[in-house]
Protein chains: 2
Amino acid sequence: MKIDPDNPADLSAQIAGAIRDAIMSGALIVGDRLPSEAELAEQFAVSRPTVREALKRLAAQSLIRTQRGAFGGAFIHRLSYRDAHAQQITTSTLLLGMNDVSFDTACEARFAMERACAMLAALRRSPDHLATMRAEITRQGQPGLTDEAFCASDVAFHRALVDAAGNPVLSYQLAGAVEAMQPLMNMITFSARSRGAIIALHSRIADAAQARDGALIIAALEELEHDTRQLAQSVFNARAARPKPA
Amino acid sequence: MKIDPDNPADLSAQIAGAIRDAIMSGALIVGDRLPSEAELAEQFAVSRPTVREALKRLAAQSLIRTQRGAFGGAFIHRLSYRDAHAQQITTSTLLLGMNDVSFDTACEARFAMERACAMLAALRRSPDHLATMRAEITRQGQPGLTDEAFCASDVAFHRALVDAAGNPVLSYQLAGAVEAMQPLMNMITFSARSRGAIIALHSRIADAAQARDGALIIAALEELEHDTRQLAQSVFNARAARPKPA
DNA sequence: GAGTTTTAAATGTCTGACAAATGAAAATCG
DNA sequence: CGATTTTCATTTGTCAGACATTTAAAACTC
């Protein structure tokens, strides 16, 4: 964490990078206090606004937290699962939304990863997880539920399944895959019949989790993936066949 | 994307959040140009440095890119797989490094996700993927290879396996899980014997991929997970029994 | 000794300014 | 007239200095 070449372009990015490297290499550890903005400005031979821009970059990635007042400053922040979660969802959502990722590709990735949780979920699911899954199934069956609310409940159900695996790293990684799909799922209109099919599969998953039968969860997830992709295709086909009248 | 309450705390964070929401909701799409810093300052009734801090936050997340000069400015940036990849690795590495995540937990999550790619990899692997895997296996057998280089080659091998699944979303999600493990793996010293066992399993995986046998890949990955966790445990036990002499 | 006040240090923000880059329009030249 | 060069306005990048606000430690009072 020393120098910037006298290349006067992107000074704040260079400084942010230097500090980020120091954090990732372990030279700076959680709780450490960075020098004050004035000291950093002197150290890097730049002005205070430039230092501040660098610090804001780091703050945007939850690498530091700042505190005002005497003996305040910028402190290395412990990246919580919560923060990592939020960043993961933001990044995944944008990646899917901006890159014309096909529904099939996203769906395939999501269910592949979710099936990876099935065995562990069967092994470790708690009564709490089961209760959450049952509650969401009940909600999904309520009449008058909007498509958006149905999707939100679907996400909550699958989150419960993922969390049941009892591995926070897995939960964090899956958060992006499951939640980033929601904008894509919201483009689908769910008929009463397709809702019924989904709910039935959710019930089979919950039953299998209760019976601690991982293979059964996987089988149900495979059916769910198949149904979802077919439903999406039929919706998109119908939409393509009838171009918007405008 | 309108207002900030007259709460004069974290103005730049509020502005960044407002613009981020506008991007994620689709109100701003890729290629759109934001108003100039001066215009944004007037719109939000703040000074230009405050606007700049907000823009730097967004730039840190690769949401915008800036261009100097006339008709330059801040443009909504298409989040590429490459950018998302890099962010994913940064976040995952820090999450594992800062939170005392046990080796077992990280290892379990990683192999669970990797097994999720096995079936697709068997189906879609190209000769290129096989060649990469074989090349890394060869490198891993070379004498005099440092532990660090061995780990790097191990990561490259597993990346090839993940990429063989032919799903860019899956590759992006797995990048964090696989690469973030490297600092943890680097803490292990690999004996010649354990290297041999790992290489043998890698060969079995490559063979299975060549034969398009997904179940065999999964079986080898399960053995690899078991061996890796056992190896790590023995290393850590030995280290705990003989506290550092200092 | 407990409670209050003072004070110094640090971030948050603003104003004003200049440098550098950049593309478009205008001016110039063949 | 066409091609090239020059000019120029716009915008980001950076700097300097200043003031407001927050905060916790230190000094002070009773």
Side-chain angles (χ1 to χ4, degrees), chain A residues 1-20 23 28 30-77, chain B residues 1-20 23 28 30-77:
Chain A
M1 179 170 149
K2 298 287 162 52
I3 46 173
D4 312 319
D6 31 31
N7 166 21
D10 282 329
L11 279 179
S12 73
Q14 288 179 43
I15 294 171
I19 298 177
R20 178 164 37 239
I23 296 174
L28 294 171
V30 170
D32 278 1
R33 180 180 170 282
L34 289 176
S36 73
E37 294 175 355
E39 286 174 290
L40 285 173
E42 192 177 8
Q43 219 173 331
F44 287 109
V46 298
S47 67
R48 195 160 84 91
T50 302
V51 167
R52 281 183 62 78
E53 287 176 10
L55 294 181
K56 294 312 172 194
R57 288 176 189 263
L58 299 175
Q61 295 181 303
S62 303
L63 291 184
I64 60 172
R65 100 196 126 76
T66 57
Q67 193 174 347
R68 305 228 305 210
F71 294 78
F75 297 84
I76 310 298
H77 179 242
Chain B
M1 178 169 152
K2 298 289 162 51
I3 46 171
D4 314 318
D6 31 29
N7 167 21
D10 283 328
L11 279 179
S12 73
Q14 286 179 44
I15 294 171
I19 298 177
R20 186 180 305 116
I23 296 174
L28 294 171
V30 170
D32 277 1
R33 180 179 171 281
L34 290 176
S36 73
E37 294 175 353
E39 286 174 291
L40 286 173
E42 193 177 9
Q43 253 182 55
F44 287 110
V46 298
S47 67
R48 195 160 83 93
T50 301
V51 167
R52 281 183 63 78
E53 288 176 9
L55 294 181
K56 293 313 171 193
R57 294 176 114 108
L58 299 175
Q61 296 182 303
S62 303
L63 291 184
I64 60 172
R65 103 195 123 75
T66 58
Q67 194 174 346
R68 305 227 301 210
F71 294 79
F75 298 85
I76 310 300
H77 179 240

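Per chain, numbering begins at 1; letters A, B, ... match sequence-line order.
A:Gln67 CD: more than 12 foreign heavy atoms inside a 6.0 Å radius.
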Anything under 3.5 Å between a donor and an acceptor, one on a side chain of residues 31-40 of chain B, the other on a protein residue two or more places apart or in another chain? List them.
residue: B:Asp32; atom: OD2; partner: B:Ile29; partner atom: N; Å: 3.1
residue: B:Arg33; atom: NE; partner: B:Gly72; partner atom: O; Å: 2.7
residue: B:Arg33; atom: NH2; partner: B:Gly72; partner atom: O; Å: 3.3
residue: B:Ser36; atom: OG; partner: B:Glu39; partner atom: N; Å: 3.3
residue: B:Ser36; atom: OG; partner: B:Glu39; partner atom: OE1; Å: 3.2
residue: B:Glu37; atom: OE1; partner: B:Arg48; partner atom: NH1; Å: 2.4
residue: B:Glu37; atom: OE1; partner: B:Arg52; partner atom: NH1; Å: 3.4
residue: B:Glu37; atom: OE2; partner: B:Arg52; partner atom: NH1; Å: 2.8
residue: B:Glu39; atom: OE1; partner: B:Ser36; partner atom: N; Å: 3.1

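Considering only heavy atoms from C-beta on, B:Ile64 comes within 4.5 Å of B:Ile76 through its side chain.
Which of C:dG12, D:dT12, D:dC15 sits closest to the side chain of B:Thr66 comes down to D:dT12.
Heavy atoms of A:Arg33 sit under 4.0 angstrom from primed sugar atoms or phosphate atoms, though from no base atom.
Under 4.0 angstrom from either OP1 or OP2 of C:dC14 there lies at least one side-chain N or O belonging to B:Thr50. Dashed line: the shortest gap from a side-chain N or O of A:Arg52 to OP1 or OP2 of C:dG12 is under 4.0 Å. Proximity of A:Ser12 to the phosphate of D:dG13: no side-chain N or O atom is located under 4.0 Å from OP1 or OP2. Contact annotation: A:Ser36 side-chain N/O to C:dA9 OP1/OP2 distance is not under 4.0 Å.
Within residues 54-62 of chain A, the residues that have a heavy atom under 4.0 Å from DNA chain C are, in order of number, A:Lys56.
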Please list, pair by pair, any protein nitrogen or oxygen found under 3.5 Å from a nitrogen or oxygen in nucleotides 17-24 of chain C.
residue: C:dA17; atom: N6; partner: B:Arg48; partner atom: NH2; Å: 3.3
residue: C:dA20; atom: O3'; partner: B:Arg68; partner atom: NH2; Å: 3.4
residue: C:dA21; atom: O4'; partner: B:Arg68; partner atom: NH2; Å: 3.3
residue: C:dT22; atom: O2; partner: B:Ala70; partner atom: N; Å: 2.8
residue: C:dG23; atom: OP1; partner: B:Gln67; partner atom: NE2; Å: 3.3

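With values rounded to the nearest 0.5 angstrom, B:Leu58 atom CG is found 13.0 Å from B:His77 atom NE2.
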